[in-house]
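To keep things clear, I will list the structure first and then write my remarks on it.
Note that the structure is predicted; figures quoted are calculated from it, not measured.
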Amino acid sequence: MSVNLALLLIILALSAAVFLLAARLVRIKKQLRCFEAALGDVAAGNGARRMIAREGEETAGPAFAMNGIIGRYEEELSALRRAQEANRQLMTSLSHDVRTPLTTLIGYLDAARRADEGPERRKTHVAAACRKAHELKTYIDALFDWFKLGSGEYALHMQTVELAELTRALLADWVPVLEEQGMRYAVDIPERRIMVRIDPDGYARIVGNLLSNVLAHSGAQTLRVSLACEERRVCLCVEDDGVGIGKEDLARIFDRLYKCDKARSAGGSGLGLSIALGIAGEMGGTLEAQSEPGRGTAFMLSFPQTQG
């Protein structure tokens, strides 16, 4: 091979290499411009924008890394928006559910201390003030439980308990309340021992919140409470034959401060079911709801069964 031919081949090879390198640099530069535009969109608030690169390309690694960062940023931003909405709802709730009964309480106390009020009227005003004070305390207690659950500071005292007997004892305390409200009820609890590891006070709080929800919002005439064991889990079911819950409301029934339509939301703090769900989760259990408008509602509280 002549020297001239060899030089020509070398020049051609170098030219091809330079051409390929230049083409690659042009492609990288174009992708970087696309990245710059995408980052501009993200900075402007478009969290759905992503970097596009083919696997194996020089920019694939940075593109995938940036997409991961943008995804986490969007998740954190969504969580922040939810927190801001929850805080807004909390302020609205506090304005209505604290200031209103407090104003009423002050009104009754002012009326009771007036000199022109007779003993019977004064006694009536004081009794009404006491009711409002207890309602206010109940709401504030629920609010503190909500804060504790949200911050992970809700104290639990887990122990192995016999759930059938505990449930009977809890329901016995509710019988006078149910009868006073004219609510028919049926209880189905097996006679055998059912052992679970829970916090008894937390369990009592959940049961109380579920029963209070039925009495306050369901419009039901009949309540059925059953306890059963299925596949190494224990399930407490609280069912009513009330107005039921629509699909849209059912999807949000456990949201904090969420209240359904006016047919089900007269009174109440909107915290009871959220607190029940939170306590169940802290104890390693689950709480679910099933309902159809006009066909009642069922809440299912489930825990792993233990040996004992």
Side-chain angles (χ1 to χ4, degrees), residues 86-151 153-155 169-185 200-221 223 238 240 242-243 253-279:
N87 289 337
R88 186 193 65 78
Q89 292 179 357
L90 176 59
M91 291 302 102
T92 302
S93 178
L94 285 173
S95 176
H96 179 269
D97 296 328
V98 174
R99 291 176 61 186
T100 300
L102 185 59
T103 301
T104 305
L105 171 61
I106 293 172
Y108 281 124
L109 292 176
D110 285 341
R113 72 176 183 174
R114 284 200 295 265
D116 58 346
E117 292 285 344
E120 289 302 318
R121 292 277 294 173
R122 186 175 292 112
K123 183 178 179 180
T124 300
H125 291 320
V126 170
C130 285
R131 287 196 303 273
K132 289 297 177 182
H134 284 296
E135 290 175 6
L136 190 57
K137 181 182 183 301
T138 298
Y139 177 79
I140 292 174
D141 287 343
L143 200 59
F144 276 115
D145 283 342
W146 176 35
F147 285 131
K148 289 177 183 178
L149 284 167
S151 62
E153 297 178 359
Y154 192 88
L170 292 174
L171 294 177
D173 292 337
W174 278 86
V175 166
V177 180
L178 296 173
E179 292 180 344
E180 182 180 352
Q181 296 289 327
M183 177 81 70
R184 297 190 298 269
Y185 58 90
D201 291 337
Y203 179 74
R205 182 65 183 276
I206 296 172
V207 172
N209 284 5
L210 294 179
L211 295 178
S212 295
N213 183 74
V214 172
L215 289 172
H217 306 302
S218 71
Q221 296 181 334
L223 168 71
V238 178
D240 67 63
V243 296
I253 194 67
F254 293 110
D255 288 358
R256 293 174 179 179
L257 299 174
Y258 184 75
K259 298 182 182 181
C260 299
D261 55 33
K262 294 181 180 180
R264 293 184 59 94
S265 60
S269 65
L271 294 170
L273 292 179
S274 176
I275 290 172
L277 178 68
I279 297 175

Which heavy-atom pair separates His125 from Ala112 by the least distance, and what is that distance?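 Heavy-atom minimum between the residues: CB-CB, 3.8 Å.
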Which atoms form the tightest heavy-atom contact between Ala172 and Pro176, and what is the distance?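 Looking at all heavy atoms of both residues, the shortest contact is O-CD, 3.5 Å.
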Applying side chain to side chain contact (heavy atoms under 4.5 Å, CB included) between Leu211 and each of Ile206, Asp173, Leu171, report the one that passes.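 Among Ile206, Asp173, Leu171, the one that satisfies the side chain to side chain contact (heavy atoms under 4.5 Å, CB included) with Leu211 is Leu171.
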For the [atom1] atom of [X] and the [atom2] atom of [Y], what is their distance to the nearest 0.5 Å?
| X | Y | atom1 | atom2 | value |
| --- | --- | --- | --- | --- |
| Leu210 | Leu223 | CG | CG | 10.0 Å |
| Asn209 | Asp145 | CG | CG | 8.5 Å |
| Trp174 | Leu170 | CH2 | CG | 10.0 Å |

Check step by step if side-chain contact (heavy atoms from CB on, under 4.5 Å) holds for Leu178 and Leu215. CA-CA 8 Å; Leu178 296 173; Leu215 289 172; 3.8 Å; yes
Would you be so kind as to tabulate the donor-acceptor pairs closer than 3.5 Å made by side chains of residues 102-109, with sequence neighbours excluded?
unit_1, atom_1, unit_2, atom_2, d
Thr103, OG1, Arg99, O, 2.8
Thr104, OG1, Thr100, O, 3.0

Salt bridge check: are Glu135 and Lys132 linked by an N-O gap of less than 4.0 Å?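 Result for this pair is yes, salt bridge flagged.
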Set of residues satisfying salt bridge (charged side-chain N to carboxylate O under 4.0 Å, His left out) with respect to Asp141, sequence neighbours excluded: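 With sequence neighbours excluded, Asp141 shows a salt bridge (charged side-chain N to carboxylate O under 4.0 Å, His left out) to Lys137, given in chain and number order.
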